[in-house]
Amino acid sequence: VIDTLLTANTFLAGHRIRILVCASWFPALARNLQTGAHEAFTSATRPATITVHCGAGRESRVLLPVVEL
């Protein structure tokens, strides 16, 4: 679960969105070492595992709140 991000966009009729799922976004954001340790104090890393569920009762989803203007 990812908390609400502080961003917004207006999607007009016909617009499409693309969802990108990644374990880190370096160099745009801080590295995610996947160890729980602070990146300034360790160089140890671990491969990330991302699971997208599909199938009856286990579907992954993205919920986009709608704000009426």
Side-chain angles (χ1 to χ4, degrees):
V1 175
I2 300 174
D3 290 335
T4 304
L5 302 175
L6 299 176
T7 187
N9 196 10
T10 299
F11 296 102
L12 301 176
H15 279 183
R16 296 179 180 191
I17 62 170
R18 176 180 15 195
I19 304 299
L20 173 69
V21 179
C22 58
S24 62
W25 190 9
F26 182 78
L29 299 175
R31 298 184 312 151
N32 186 342
L33 307 176
Q34 310 302 329
T35 63
H38 192 284
E39 66 179 293
F41 303 113
T42 185
S43 61
T45 62
R46 215 167 49 188
T49 301
I50 297 173
T51 304
V52 176
H53 296 281
C54 59
R58 294 197 47 172
E59 298 86 359
S60 293
R61 64 184 184 267
V62 175
L63 303 175
L64 301 174
V66 175
V67 177
E68 297 292 333
L69 298 177

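Since we're looking at a predicted model, the values are computed, not measured.
Among residues two or more places apart in sequence or in another chain, the side chain to side chain contact (heavy atoms under 4.5 Å, CB included) test is passed with Phe11 by Asn9, His15, Ile17.
Taking both residues in full, the closest heavy atoms of Arg46 and Gln34 are given as NH2-O, 2.7 Å, listed atom of the first, atom of the second, then distance. Considering every non-hydrogen atom in both Ala37 and Thr42, the closest pair reads CB-CG2, 3.5 Å.
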